[in-house]
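Only heavy atoms go into these numbers, but all of them, side chains included; no hydrogens, no water, no symmetry mates.
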Amino acid sequence: MTLSKESQDFIENLRLYLISSGKNEQDAEEIIEELHDHLHEAEQHGRSVDHIIGQSPKSYMKEIAGEMSLDHKQLAKWFIVIAIGAFSIMLISDAVKGDMSYSILSLVGYPTIMILFLLLTATLFRYLASHKPRKAVEFTLTGLLGFFPVLFFLGILLLEEYVFTDLPMYTLDGTGRVVTGLLCLAILIAFSIQMKTMLLLLVVAFLNIPALITDAFTMGEEAALWVEGLVPMVLFGGYAFFVYLRTVKTSQ
């Protein structure tokens, strides 16, 4: 049953809102399937989404979410996957750079930043799903969200460098660094197979291929900066073009 673009967009936004609110995915799909049938029937009689929900999209989504209980098991699963995935990516990057030294500030600060980032991400997803802002606003908010962990990670580094200079450091080197890097890579491969996506491994590649190139070839500091800046952009652009071509082919 084919729906109008307005109805399809509303269903996708409702799905995003419910999942980011911590609702059970299977229960959410059942509600969405029922709503899909109602919307299709309404459109057959010339009625729109507004006729079905009878109120603003935000109020309708909030009402539906309020009638569903939190899925603590699913929340815990996704939190563990995202947290372990993010730390694995960070540790792999540190292993490639050969610098795996951490203070107590970073060991406490990094998990705290990750928790705050996950909470902000869920909040942003709910906002985008229920408010339908303009694309410029959506891109701005998403960009600010992506900048948040970078800013706070940098803050930790500056605190370690200039304020808490006497903190003990815990270092992994030699065999410990190699084993940790390989273990993190194995975790990301397992997550990628389970979730049927290459995104995590692509992020690892985008972040670390420049460092591998600069280590493999003798080059000046300026050339190294160009490689570290341009290679991720080229890789990301190539991946985006591949996804675009695949999407066009699927839609034909």
Side-chain angles (χ1 to χ4, degrees), residues 76-119 121 145-239:
K77 183 189 78 171
W78 280 110
F79 177 82
I80 291 172
V81 168
I82 294 174
I84 293 179
F87 280 113
S88 295
I89 291 172
M90 181 188 74
L91 290 174
I92 288 174
S93 297
D94 291 345
V96 170
K97 296 173 184 175
D99 181 14
M100 300 191 75
S101 296
Y102 308 100
S103 69
I104 189 64
L105 177 63
S106 59
L107 291 175
V108 173
Y110 291 162
T112 302
I113 293 171
M114 184 55 57
I115 292 172
L116 291 175
F117 178 69
L118 292 176
L119 293 174
T121 300
L145 177 67
F147 187 66
F148 167 81
V150 176
L151 179 64
F152 279 84
F153 284 143
L154 179 60
I156 289 178
L157 293 176
L158 292 176
L159 286 174
E160 290 177 337
E161 184 73 21
Y162 298 106
V163 181
F164 302 105
T165 56
D166 296 328
L167 291 176
M169 302 295 291
Y170 304 91
T171 302
L172 284 172
D173 52 18
T175 303
R177 178 167 64 89
V178 174
V179 170
T180 301
L182 291 176
L183 177 61
C184 290
L185 182 59
I187 290 173
L188 293 181
I189 292 174
F191 284 170
S192 299
I193 293 174
Q194 182 182 15
M195 295 186 293
K196 299 179 181 179
T197 176
M198 295 292 292
L199 183 59
L200 291 175
L201 297 178
L202 288 172
V203 170
V204 172
F206 293 169
L207 292 175
N208 294 289
I209 286 179
L212 293 173
I213 292 176
T214 55
D215 287 343
F217 300 95
T218 303
M219 59 181 67
E221 182 177 349
E222 184 176 348
L225 289 175
W226 275 102
V227 169
E228 292 176 0
L230 290 177
V231 170
M233 294 176 61
V234 172
L235 292 173
F236 179 78
Y239 174 70

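Note that OG1 of Thr171 is 11.5 Å distant from CZ of Arg177, once rounded to the nearest 0.5 Å. In this structure, the separation between CG on Leu157 and OH on Tyr162 is 10.5 Å, given to the nearest 0.5 Å. Separation of atoms CG (Leu185) and CG (Leu91) is listed at 12.0 Å; rounding is to 0.5 Å. Here the CE-CD1 distance, from Met100 to Ile92, works out to 9.5 Å after rounding to the nearest 0.5 Å. Leu116 CG to Phe152 CZ: the interatomic distance, rounded to the nearest 0.5 Å, is 7.5 Å. Taking CD1 of Ile89 as the start and CD1 of Ile187 as the end, the distance is 11.5 Å to the nearest 0.5 Å.
Ser106 contributes a side-chain N or O that, together with a main-chain N or O of Ser103, makes up a donor-acceptor pair within less than 3.5 Å.
Smallest separation of non-hydrogen atoms from Tyr170 and Ile104: CE1-N, 4.4 Å. Nearest approach of Ala95 to Gly181, heavy atoms of both residues: CB-CA, 4.3 Å.
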